[in-house]
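Notes follow once the structure below has been shown.
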Amino acid sequence: MKLIRRIYSIYGSIGFISAFLLLLPIFIYTIEISGKKGQGRKMNRIWSKLFFGMLFFKVTIENQYHLKKGGQFIFVSNHFSYLDIPVLGLIPFDLVFIGKSSLAKVPLFGYMFKNLHIAVNRDSMKSRGESILKARKALDEGASVVFFPEGGISSHSPPAMARFKDGAFKLALDKQIPIIPVTLSYNHLILPDDGKFLLRYKPVKVVIHEPIAVEGCGANDVKELKRKCFAIIQDQLDKDNAQN
C-alpha cells in the first residue's frame with residue numbers, strides 16, 4: 001500500500017508541475033505585460049482544476065450560494081496541509097492568498113505566488129505588517145483575501161485547530177467587509193503535514209459557511225469574531241471526521 005501511495009504521490013508531483021508549466025506563459029503575460037493580476041489569479045483556478053483532474057479527485061464545494069456575485073469577502077480557513085491553497089483556488093472568486101514566504105522560493109511556482117498573492121515571513125513583525133498593508137490594497141482593488149488565521153500549519157493534532165490570530169478579523173472590521181469561514185474537511189488525511197509527502201486518495205470536501213456581517217462592529221469585537229469563526233470551522237471538522 002505504501003508503494004502504491006508513493007507512486008501516486010510521484011504522479012501527483014508530476015501533475016502539479018505539468019499543469020503549472022502549461023499555464024506559465026499566461027502567468028508571465030498577466031504579470032509582466034498586461035499587469036492584469038486578477039486575470040492571472042483566474043489562471044490559478046484553471047491550474048487547480050487541471051491538477052485535481054489529473055489526480056482523479058472528486059471535489060465537492062458545498063454552499064457556493066453564499067458567494068454573491070460581485071461581493072467581496074475575507075475568507076478564513078483551517079490549514080493542515082499543503083493542498084489547502086490549491087483546493088481553495090477552486091473557489092470561483094478573485095482570491096488573494098496570504099501564505100508563508102517560503103512559497104515564494106519554490107521554483108516557477110514561487111514566481112507566480114509572490115507576484116499574484118502575498119508572501120509573509122511570520123517570524124518578522126515587519127513582514128507581517130507589510131502583508132496587512134498589501135491585503136488592504138488587494139481589497140481596495142476589489143479582490144477578496146484568504147487568511148489562514150492559525151498562522152500557517154500550526155496544529156499538532158488535526159483535525160483540532162490551533163488558536164486563531166487577530167489579523168484577518170481586525171482587517172475585516174477596519175474595512176467593514178464580511179467574513180466567510182471555510183472548512184477544508186479532509187486535506188489533512190489526503191496529504192498530511194508529516195514530512196513524508198504521501199498522497200492518499202480521498203474525495204476533497206470544502207464547506208463554505210454563511211457570511212458573518214461586521215457592519216457596526218469595532219475593535220472590541222475581534223475576540224468574539226475569532227471565537228465564532230473558530231467554532232463554526234471546528235464544529236464542521238469534528239462532524240466530518242467523526243468516522244475517520
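Excluded from the calculations below are hydrogen atoms, water molecules and symmetry mates; all remaining heavy atoms, backbone and side chain alike, are included.
- At distances below 3.5 Å, not a single donor-acceptor pair connects side-chain atoms of Asn241 with backbone N or O atoms of Asp238.
- Leu225 and Val146 fall into different hydrophobic clusters, where Ile, Leu, Val, Met, Phe, Trp and Tyr side chains are chained together by heavy-atom contacts under 4.5 Å.
- No continuous path of ILVMFWY side-chain contacts below 4.5 Å connects Met161 to Ile153, so the two sit in separate hydrophobic clusters.
- Side-chain contact between Phe197 and Leu191 is present, with at least one heavy-atom pair separated by less than 4.5 Å.
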Show your reasoning for whether side-chain contact (heavy atoms from CB on, under 4.5 Å) applies to Arg200 and Leu189.
CA-CA 7 Å; Arg200 171 187 175 189; Leu189 300 175; 3.8 Å; yes

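- Between Pro92 and Leu67, the closest heavy-atom pair is CD-CD1, 4.3 Å.
- Aromatic ring pairs are classed by plane angle as parallel below 30°, tilted from 30° to 60° and perpendicular above 60°; the pair Phe97 and Phe148 is parallel.
- Without hydrogens or angle criteria, Gln234 side chain to Pro159 main chain gives a donor-acceptor distance under 3.5 Å.
- The distance from the CD atom of Glu224 to the SG atom of Cys229 is 9.5 Å, given to the nearest 0.5 Å.
- Not one N or O on the side chain of Ser48 forms a donor-acceptor pair closer than 3.5 Å with the backbone of Arg45.
- Closest non-hydrogen pair, Ser155 versus Ala162, comes out as CB-N, 3.9 Å.
- One finds the CG atom of Leu198 at 11.5 Å from the CD1 atom of Ile7 (value rounded to the nearest 0.5 Å).
- Other residues, nucleotides and ligands contribute at most 12 non-hydrogen atoms within 6.0 Å of the CG atom of Asn220.
- Judged as a ring-ring contact (aromatic ring centres under 6.0 Å, His included), and not counting sequence neighbours, the contacts of Phe16 are Trp47, Phe51, Phe109.
- Tracing side-chain contacts under 4.5 Å through hydrophobic residues (I, L, V, M, F, W, Y), one reaches Ile232 starting from Ile74; they form part of the same cluster.
- Atom CD1 of residue Ile208 and atom CG of residue Leu88 lie 9.0 Å apart, to the nearest 0.5 angstrom.
- Figure legend: Lys226 and Phe164 shown without cation-pi pairing, the cationic atom not lying both under 6.0 angstrom from the six-membered ring centre and within 45 degrees of its axis.
- Arg6 is listed as a side-chain neighbour of Ile10, based on a closest heavy-atom distance under 4.5 Å.
- Crowding of Lys228 atom NZ: a count of heavy atoms from other residues, nucleotides or ligands under 6.0 Å not exceeding 12.
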Which is it for Phe169 and Asp166 under the side-chain contact (heavy atoms from CB on, under 4.5 Å) test, yes or no, and what are the steps along the way?
CA-CA 6 Å; Phe169 308 96; Asp166 292 350; 5.5 Å; no

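- The minimum heavy-atom distance linking Leu95 with His117 is given by the pair O-CE1, 3.3 Å.
- Taking the six-membered ring for Trp, Phe27 and Phe20 have ring centres closer than 6.0 Å.
- Note on Glu150 versus Arg163: no salt bridge recorded, every NZ/NE/NH1/NH2 to OD/OE distance being 4.0 Å or above.
- Put simply, CD on Glu62 and NZ on Lys205 are 4.0 Å apart, with the number rounded to the nearest 0.5 Å.
- Heavy atoms of other residues, nucleotides or ligands lying less than 6.0 angstrom from OH of Tyr82 number 12 at most.
- Contact between Ala135 and Ile98 at its shortest, heavy atoms only, is CB-CD1, 4.1 Å.
- When every heavy atom of Ile233 is checked against every heavy atom of Pro181, the shortest pair comes out as CG1-CB, 3.9 Å.
- Aromatic ring centroids of Phe147 and Phe75 lie 6.0 Å or more apart.
- Each of Phe52, Phe57, Phe56, Tyr11 was evaluated against Tyr201; a single residue qualifies, Phe57, per the ring-ring contact (aromatic ring centres under 6.0 Å, His included) test.
- No donor-acceptor distance shorter than 3.5 angstrom exists from the side chain of Glu141 to the backbone of Ala138, with no hydrogens or angles considered.
- Under a hydrophobic-cluster definition in which Ile, Leu, Val, Met, Phe, Trp and Tyr are linked whenever side-chain heavy atoms come within less than 4.5 Å, directly or via other members, Ile85 and Val207 are assigned to different clusters.
- With respect to Lys42 and Asp94, no salt bridge is recorded, no charged nitrogen being found less than 4.0 Å from a carboxylate O.
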Residue pair His188, Asn78: steps toward the side-chain hydrogen bond (donor to acceptor under 3.5 Å, both in side chains) verdict:
CA-CA 10 Å; His188 63 291; Asn78 60 294; 5.9 Å; no

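- Using modelled atom types, one finds no donor on one side chain facing an acceptor on the other under 3.5 Å when comparing Asn121 with Ser127.
- Going from atom CG of Asn187 over to atom CZ of Phe80 covers 9.5 Å, rounded to the nearest 0.5 Å.
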Run Arg128 and Val120 through side-chain contact (heavy atoms from CB on, under 4.5 Å) and show every step you take.
CA-CA 6 Å; Arg128 294 199 303 269; Val120 56; 4.1 Å; yes

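- The shortest side-chain heavy-atom distance between Leu199 and Leu55 falls under the 4.5 Å cut-off.
- Remark: side-chain polar atoms of Asp84 are paired, donor with acceptor, to backbone N or O of Ser81 under 3.5 angstrom.
- The pair Arg136-Asp174 counts as a salt bridge, with a side-chain nitrogen and a carboxylate oxygen less than 4.0 angstrom apart.
- Atoms CD1 and CG, from Ile91 and Asn44 in turn, are 12.5 Å apart once rounded to the nearest 0.5 Å.
- Between the side chains of Glu210 and Tyr65, no donor N or O sits under 3.5 Å from an acceptor N or O.
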Please walk me through it: do Ile179 and Val76 pass side-chain contact (heavy atoms from CB on, under 4.5 Å)?
CA-CA 7 Å; Ile179 299 170; Val76 296; 3.8 Å; yes

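- Nearest approach of Thr30 to Gly40, heavy atoms of both residues: OG1-CA, 3.4 Å.
- The closest donor-acceptor contact from the side chain of Gln72 to the backbone of Leu139 lies under 3.5 Å.
- Criterion: ILVMFWY side-chain heavy atoms under 4.5 Å apart, direct or through other members. Under it, Met112 and Leu90 are part of a common hydrophobic cluster.
- Proximity of a side-chain donor or acceptor of Thr183 to a complementary backbone N or O of Ser185 within less than 3.5 Å is not detected.
- In this structure, Leu22 and Leu50 have side chains that are in contact, with non-hydrogen atoms separated by less than 4.5 Å.
- Side-chain contact between Val204 and Thr60 is absent, with no heavy atoms from C-beta onward closer than 4.5 Å.
- Taking the charged nitrogens against the carboxylate oxygens, Lys175 and Asp140 do have a contact shorter than 4.0 Å, which makes a salt bridge.
- Between the side chain of Asn115 and the main chain of Tyr111, a donor-acceptor pair closer than 3.5 Å is present.
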